[in-house]
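Starting from 1, each residue takes its place in the sequence as its number.
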Amino acid sequence: MTAEQRGEDLPEAAQPGAGEVTATVIVDAPAERVFAALLAWERQSDWIPFTRVRVVEGDGREGSLVEALTALGPAELRDEMRVVRVDEPYEIGVVHCGPLLRGPGVLRCTPLARDRTQVVWHEWFHLPGGAAGRVAWPVVWPGSKLGLTRALRRFGRLVEQGRLP
C-alpha cells in the first residue's frame, strides 16, 4: 500500500490546486435518488467514458478509497480518491490522492422545486509538471470542462430514465 493510499499525505493533497473545473446539470429527480446514484461509484463507468471505477477499500462512504481507471488505447490514467465527507443527500467530498491526480473535489446536490435537483461537480487539481503544467492548463482546461459537463449530462439522463442507481 502506498503512502497516498494510507492517507499519510492527505492533508497536502486536500489543499486546492490551481487547476479548477466545474460542471453543473439539473436532473429531473429528487435529491435523494440523485445522491444515491452519485454514491454508486462502480456505476460511474456507465456515464464517464473509457473509465472503470471500483471501491478499493471501505463501503464507498466516508473513509473509503475509490479508484478510477481511464483507458484510451494503450494510455491509462489511474485516479485514486479518498472519500472524506458524505452529507446525505447534499454533498460528497473527495481528495484525489494518487501520484498524478491530486486535490479536493466535491459533488453537490441541491434540491429544487418539483422534485428536481441541481448537481455541481467541482474539482481543484494540483497541476503536475510545475511551470509547464501551469502553462499547459489553459489549453487543457476547455477539454476537461467539456468532458466533465458531458459526463454529468449523461449521468442526469440515466437517473431520469431510472437506469441509475
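For Thr149 (side chain) and Leu146 (main-chain N/O), no donor-acceptor pair under 3.5 Å exists by modelled atom type. Not a single donor-acceptor pair under 3.5 Å links the side chain of Trp41 to the backbone N or O of Val55. No side-chain donor-acceptor contact under 3.5 Å links Thr22 to the backbone of His122. A donor-acceptor pair is defined here as one N or O able to donate and one able to accept, closer than 3.5 Å; such a pair exists between the side chain of Thr117 and the backbone of Ala29.
What you find for Pro104 and Ala14 is that their closest heavy atoms are CG-O, 3.3 Å. When every heavy atom of Glu123 is checked against every heavy atom of Gly105, the shortest pair comes out as OE1-CA, 3.3 Å. Residues Arg52 and Ser45 share a closest heavy-atom pair of CA-OG, 3.3 Å. Gln44 and Leu38 get closest at one heavy-atom pair: NE2-O, 4.2 Å. Of all non-hydrogen atoms in Pro165 and Ala40, the two that sit nearest each other are CB-CB, 4.3 Å. Of all the heavy atoms in Val159 and Ala37, the pair that sits closest is CG2-CB, 3.7 Å.
Shown here are the side-chain hydrogen bond (donor to acceptor under 3.5 Å, both in side chains) partners of Arg78, two or more places apart in sequence or in another chain: Glu67. Applying the side-chain contact (heavy atoms from CB on, under 4.5 Å) test to Val84 and every residue at least two apart in sequence or in another chain returns Leu10, Arg82, Val95. With sequence neighbours excluded, the residues that form a salt bridge (Lys or Arg N to Asp or Glu O under 4.0 Å) with Asp46 are Arg43. Applying the side-chain hydrogen bond (donor to acceptor under 3.5 Å, both in side chains) test to Thr70 and every residue at least two apart in sequence or in another chain returns Thr51. Remark: Glu32 engages no residue in a side-chain hydrogen bond (donor to acceptor under 3.5 Å, both in side chains) (not counting sequence neighbours). Not counting sequence neighbours, the partners of Phe155 by the ring-ring contact (aromatic ring centres under 6.0 Å, His included) test are Trp47.
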Test side chain to side chain contact (heavy atoms under 4.5 Å, CB included) applied to Val119 and Leu152, step by step
CA-CA 8 Å; Val119 179; Leu152 204 52; 3.9 Å; yes

May I have the step-by-step check of side chain to side chain contact (heavy atoms under 4.5 Å, CB included) for Val83 and Arg61, ending in yes or no?
CA-CA 6 Å; Val83 180; Arg61 293 180 167 272; 5.6 Å; no

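In this structure, CG on Leu148 lies 12.0 Å from CZ on Arg150, to the nearest 0.5 angstrom. Here the CD1 atom belonging to Ile26 is positioned 11.5 Å from the CZ atom belonging to Arg153, to the nearest 0.5 angstrom. The distance from atom SG of Cys109 to atom CZ of Arg33, rounded to the nearest 0.5 Å, is 12.0 Å. Between Leu77 atom CG and Leu100 atom CG the span is 6.0 Å, to the nearest 0.5 Å. Here Thr24 contributes atom OG1 and Gln118 contributes atom CD; the two are 5.5 Å apart, rounded to the nearest 0.5 Å.
Taking Ile, Leu, Val, Met, Phe, Trp and Tyr as members and joining any whose side-chain heavy atoms lie under 4.5 Å apart, directly or through other members, Val120 forms no hydrophobic cluster with any other residue. Membership of the apolar cluster around Leu72 extends to Phe50, as traced through chained side-chain contacts below 4.5 Å between ILVMFWY residues. Trp124 belongs to a hydrophobic cluster whose remaining members, ordered by chain and number, are Val106; membership requires side-chain heavy atoms of ILVMFWY residues under 4.5 Å apart, directly or through intermediates.
Val25 and Leu158 fall within a single hydrophobic cluster, where Ile, Leu, Val, Met, Phe, Trp and Tyr side chains are chained together by heavy-atom contacts under 4.5 Å.
Sorted by first and then second residue, the salt bridge (Lys or Arg N to Asp or Glu O under 4.0 Å) pairs with a member in residues 108-117 read Asp28-Arg116, Glu91-Arg108; sequence neighbours excluded. The stretch residues 72-115 participates, sequence neighbours left out, in these ring-ring contact (aromatic ring centres under 6.0 Å, His included) pairs: His96-Phe125. Judged as a side chain to side chain donor-acceptor pair (under 3.5 Å), the pairs with a partner in residues 156-165 (not counting sequence neighbours) are, in order, Gln161-Arg163.
Of the candidates Asp87, Leu107, Val86, Val86 is the only one forming a side-chain contact (heavy atoms from CB on, under 4.5 Å) with Phe35.
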